[in-house]
Amino acid sequence: MKFISTRGEETVTGAEAIAHGIASDGGLFVPEAFPEVSEDELKAMLPMSYAERAATVLYKYLDEYDFEELKAACEKAYSQFDEGDAAPLVKIDSSIYMLELFHGPTCAFKDLALTLLPYLLRKGCDLCGIKEDVLILVATSGDTGKAALEGFKNAPGIKIMVFYPNEGVSKMQKLQMATQEGNNVAVVAVRSNFDDCQSAVKTIFTSEACKEELEKRGYILSSANSINFGRLAPQIAYYFSAYLDLVSSGQIQLGEKVNFAVPTGNFGNILAAYYAMRMGLPVGRLVCASNKNNILTDFFKTGVYDKRREFYKTMSPSMDILISSNLERLLFELSGRNAVRTKIRMDKLKSDGVYEIYDEEKEELAKLFYSDYCGEDETVETIYEFFEEYQYPMDTHTACAMYAAANYMEKEKDHDTPMVVVSTASPYKFPQDVMYALTGNDIKDSFKAIKHLNITTAMKVPKSLAGLRDKKVRFDTVADKDKLYPEVLRFAEKK
Ligand SMILES: *Cc1c(COP(=O)(O)O)cnc(C)c1O
């Protein structure tokens, strides 16, 4: 399968798309066409393990990879999850299910892609004959950074550098990154927000001068952000798997539709659901949930994407984003795959901070997506009420999706279609906020909050989080947002 850029004529293989991360025209790589999964193929996937299902879906896009090798890589990646189950589906009531994607090494859904990306990237480089070492730059709103560091630590021929907003991540997230082990990693806090981190990294990626300078030092640049198709592809698999689990447990018949509600920031997770639908998965509606930073909700409602607004820090920091990168891939589809139109809009976003789509596109959007946002008070209430009613503790991001899902079911009077709420992080990643929601207690110390949360919910504490307390802080660099490139060069020098 070939891949094309959303902004131009560039055509590459899947291996090249993953190795480079982003197109040289600044666009994102998308498959030339959506591969289809027939009902018979779905049926054949029913008895498979999660790893086999994932390999089957991935191979549809990455057919120049070796299937058996891909399967072995998936098995290795997903064996790192609790009880070997990467994406368990938990039934809440007659129509609501939680797809728990937080049982991996860093307790957030990013693990599903980032435990596998090192293989996809290394193999991708081999397949296209890249001999240089790979330098991965990551901008993170909290969870991607840790999952990428953990996935790539000590990987031969790869170095990884992560930038996060100094004041924009939770205490646990910060501690997870600052204590990261490995001989090929670096972490830099940035005196700004996530959008600036992401823009700075994108600028380095698309600068010819940076590229040449790093080439001289023996590196090619790549990305572990969800702009990289290698991040997106593994995420498509869990939508298939959740659907298959509903069929095999007798909740639905093969062919019946289900809805998914996804807490959204950079639009990567929900875009994977859209891709699954385009491949033939029977999906009704996709509920796009935002937090107080409700730029996407406004966009879906008005057709105008306007980032000239206040940026809020919320208790769901991984969704505190105003420039939602992967929306570009959806815009490309909405425009009938019109690269010129997509490029004009993205340029306009950069120069004016705003663009607008056509009415036909807006209508198409409304057919597929329902969009809503969840404020801070609603986040707290949702966590509390859901625990009261179902004894199910959820994290602050998942609460946004649950809130939007409930609104969708009420407003659109759709109580019968199964609703799968995508649970993106362990409540233990945001223990203070979750404890506050459940009990009203404001606990300052994260580890104390973890202990109390455990007493309150009886949910098992992930070892990787509890163990942070005794780890040494290795990284304490703080940089201005226009001083990231010197940090990159310094890191690239270090052997
Ligand atoms: C990254 C993240 C999100 C947002 O996912 P996108 O793919 O950026 O839309 C939501 N919840 C959690 C816990 C995350 O880490």
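Just so it is clear, the values below take in all heavy atoms, side chains as well, and ignore hydrogens, waters and symmetry mates. In listed order, ligands and their atoms are each counted from 1. For this chain, numbers begin at 1 and follow the sequence in order.
- Using a 30° and 60° split on the angle between ring planes, Tyr61 and Phe3 fall in the tilted class, from 30° to 60°.
- When only non-hydrogen protein atoms are considered, atom 8 (O) of ligand 1 lies nearest to Asn266 N, 2.7 Å.
- At a 3.5 angstrom cut-off on N or O pairs, Phe267 counts as close to ligand 1.
- The two atoms that bring Cys107 and Asp111 nearest to each other are N-OD2, 3.2 Å, heavy atoms only.
- At under 3.5 Å, a nitrogen or oxygen of Gly265, whether backbone or side chain, sits near a nitrogen or oxygen of ligand 1.
- Here the heavy atom of the protein found nearest to atom 12 (C) of ligand 1 is Thr424 OG1, 3.4 Å.
- Between Phe430 and His397, the distance from one ring center to the other falls under 6.0 angstrom.
- Using a 4.0 Å heavy-atom cutoff, Phe102 is absent from the residues neighbouring ligand 1.
- The N/O atoms of Gly268, backbone and side chain alike, include one that comes under 3.5 Å of an N/O atom in ligand 1.
- The protein atom (non-hydrogen) at minimum distance from atom 10 (C) of ligand 1 is Pro263 O, 3.6 Å.
- Any N or O atom pair closer than 3.5 Å counts here, and Asn269 shares at least one such pair with ligand 1.
- Between Glu363 and Lys367 there is no salt bridge, since none of the side-chain N atoms of the basic residue sits less than 4.0 Å from a carboxylate O of the acidic one.
- Counting all heavy atoms, side chain and backbone alike, Arg285 lies closest to Phe369 at NH2-O, 3.5 Å.
- Taking distance alone, with nitrogen or oxygen atoms compared against 3.5 Å, Lys110 approaches ligand 1 more closely than that limit.
- Aromatic ring centroids of Tyr392 and Phe387 lie 6.0 Å or more apart.
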